[in-house]
Structure formats: structure tokens, C-alpha cells
There are 2 protein chains.
Amino acid sequence: MASGDRRGPYICGIDAAMDVVSGKWKSLILWELDNYGTRRFGELKRGLPGVSEKMLVQHLREMEQDGLVHREVYREVPPKVEYSLTEHGRSLNEALGPLGEWGQRRAERLAAEAPTGSP
Amino acid sequence: MASGDRRGPYICGIDAAMDVVSGKWKSLILWELDNYGTRRFGELKRGLPGVSEKMLVQHLREMEQDGLVHREVYREVPPKVEYSLTEHGRSLNEALGPLGEWGQRRAERLAAEAPTGSP
DNA sequence: TTCGATACTGACCTGAAGGTAAGTATTGAG
DNA sequence: CTCAATACTTACCTTCAGGTCAGTATCGAA
């Protein structure tokens, strides 16, 4: 399954962190929630162009289980659910900072090397 | 294919970095090479218990293409090939540091929460 | 009575990541 | 002549992350 048994015995810290971040949209979700503080399901969906509802729900559930995300349900009609980061989620986002900067530099380097696809 | 077109248009830095690190053994390869400086193919294989030769070759090729790894071939018999990190590879490993520490802390927390599986 | 809004859930399918295992090339040792 | 050692290569197969799409529950508005 896609979100079954995890928290396996880890070989190293990277492994343990990757277990939690791997997932097509997870780092983006992390960034959205860190940036906006609190987001409703529909807002997240609109903020992540291309994400399917299924994956968004699945990722959010896993991140909740992993203690990264807090889920607040308002018993209203139509339904309202708000997501936000926990302390762990925020610290993970911080830990991802240097990696993001490295990737940024790499992207810039690639753009400089092949501006139009080398015609 | 497993290593075909990459370097796609990235949504953010994390995306660009993940494109390069995602792969079951890549962070481990990074660590091995950073730790030992230079490793032969067979040494890497023995240092990463469970890796298949196919995946090791494939990952090393991709990392070479991505400018993370340098490959030095000695024209001898039997063959000898030495792998080492480039400057980019080393900086990536550094950027992964905080993430590794976060994962380490997470692993410790998990171990403290469920020592024997909550019997 | 039907529709729209919201936050899901479930069945089904595809592609790609990764595993297994056998084959290749070269040459010195026995 | 055969074998061992090294660094691969190739073919085939399984698994699973992720996509599509349809359905559900609830209530107010029209």
C-alpha cells in the first residue's frame, strides 16, 4: 500500500527523514502550510496545481500520522477542515532549507548552461 | 526509463534537489564517497549491503550525469574503476546535513516512543 | 426537488522504480 | 584449457506510487 507500514528500521538519519518527505507533493505541502500558517483542503488543492484529491488526502493523512501536520475539523455544512504544521513539521521545513538552496543553485546553473535547449 | 529525461522544469529548489537525490541508494552512495574519498565499484557494492549491481551502476551513472560523481577508469585487467565526489557532490552532501540530523532526532524519538512495539 | 459547495472515499489502471539472474570481455594463474 | 577476478550489460519480472474518475454525506438556496 502507499501509506502502510513505515517507520521501519532506518539505516541513517537521511533515510528516516526521506521516509517522511518522499511523496510527490509533501515538500510542497510543507512549504504551503509553513507559508500560510493555516490552509483549508480546497485552498491547498488550488495552491498545488496538478495534485489529485486522492494524493492530497493521502499525503495529508501520512503527514498527520508522522506528526508533521495538525488537522482541525469544523463540524459544519458544507464541511470545513483546516491544516497547519506542528512543531515537528516546522523544524523539518527548516531542515529542508539548505537542500532547497542547493537545488535553487543547481536550477540556476542548468538554466545558464542550456538557455533554449541547445539548438 | 529509470534515468532518461530529467532536469525538467522545477517548481522549486527542493524539487530540483530531490530530482538528483531520489533513488533508493543515492544518499548512501553520497555518504560513502564523502566518507572514503575514493571507492572502487566493488567496494561501494560491499559498503551498501543489499544493493543490486544494476541499481548501483544506474545510480552512479545518473549521479555522474548530474555532476555529483567523478568516474575514473583504469585500463587494466581485471578492470578497475574509481568513484569520487565532485565539488557539487560534496556541497550536496553538506546541504543534506540538517535533514540527516532531523531524521536522526526523529528516529530517536520513535525509538523512545515504542521501544519493543508497545506490547 | 434538484443543485451546488466541501471534503472526502473507493475501484481501477498505468508507468516506472527496483529486483533477479544470467551473460560479456579481458588476462594471468594453475 | 579452464577458472577466477572485476566491472559491468541485458532481459525479464514484480511492486507500488500516483493518476483518473465516479460516488458519498449534508444542508441551504432556488
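Since the structure is predicted, the reported quantities are computational estimates derived from the model, not experimental observations. Lettering follows sequence order; numbering is per chain, from 1. Heavy atoms only: backbone and side chains are in, while hydrogens, waters and symmetry mates are out.
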Return the value, rounded to whole Å, for the distance between atom CG of Leu56(A) and atom C1' of dA17(D). 15 Å

Could you please name the option among dT6(C), dA21(C), dT26(C) that lies closest to any side-chain atom of Val77(B)? dT26(C)

Side chain of Met55(A), heavy atoms from C-beta onward: which of dC8(D), dG18(D), dA5(C) has the nearest atom to it? dG18(D)

Does Arg61(A) place a side-chain N or O at less than 4.0 Å from the phosphate oxygens OP1/OP2 of dC8(C)? yes

Student check: side-chain heavy atoms of Met63(B) and Leu30(B) closer than 4.5 Å: yes

Here the distance between atom P of dA17(C) and atom CD of Gln58(B), to the nearest Å, is 8 Å

Please report, rounded to the nearest Å, how far the C1' atom of dA7(C) is from the OH atom of Tyr83(A). 8 Å

Does a side-chain heavy-atom distance below 4.5 Å link Leu28(A) with Ile14(B)? no

Of the listed nucleotides (dG18(C), dA7(C), dG19(D)), which one gets closest to any side-chain atom of Lys24(B)? dG18(C)

Take atom CD1 of Ile29(A) and atom P of dG18(D), then tell me their distance rounded to the nearest Å. 11 Å

Heavy atoms under 4.0 Å, any strand shown: does Arg75(A) hit a base, just sugar-phosphate, or nothing? nothing

Hphob cluster co-occupancy, Tyr74(B) + Val57(B), side-chain heavy atoms under 4.5 angstrom: no

Could you tell me how far apart Glu53(B) (CD) and dG18(C) (C1') are, to the nearest whole angstrom? 15 Å

Whole-Å distance, Tyr74(B) OH to dA5(D) C1', equals 19 Å

Answer whether the closest heavy-atom distance between the side chains of Asn93(A) and Leu68(A) falls below 4.5 Å. no

Look at all strands and tell whether Lys45(B) reaches a base, only sugar-phosphate, or nothing, counting heavy atoms closer than 4.0 Å. nothing

How long is the line joining CD of Glu82(A) and C1' of dC8(C), in whole Å? 17 Å

5'-most by nearest nucleotide on DNA chain D - Gly50(A) or Pro79(B): Pro79(B)

Out of dC8(D), dG19(D), dT10(D), which nucleotide sits closest to the side chain of Trp25(A)? dG19(D)

Counting only side-chain heavy atoms from C-beta out, which of dC8(C), dT20(D), dA7(D) sits nearest to Ser52(A)? dT20(D)

Other residues, nucleotides, ligands: >12 heavy atoms within 6.0 Å of Lys80(A) NZ: yes

Take atom NZ of Lys54(A) and atom C1' of dT14(C), then tell me their distance rounded to the nearest Å. 11 Å

Using a cut-off of less than 4.0 Å, is there contact between a side-chain N or O of Arg40(B) and OP1 or OP2 of dT6(D)? no

Ignoring backbone atoms, test whether His59(A) places a side-chain nitrogen or oxygen under 4.0 Å from the OP1 or OP2 oxygen of dG18(D). yes

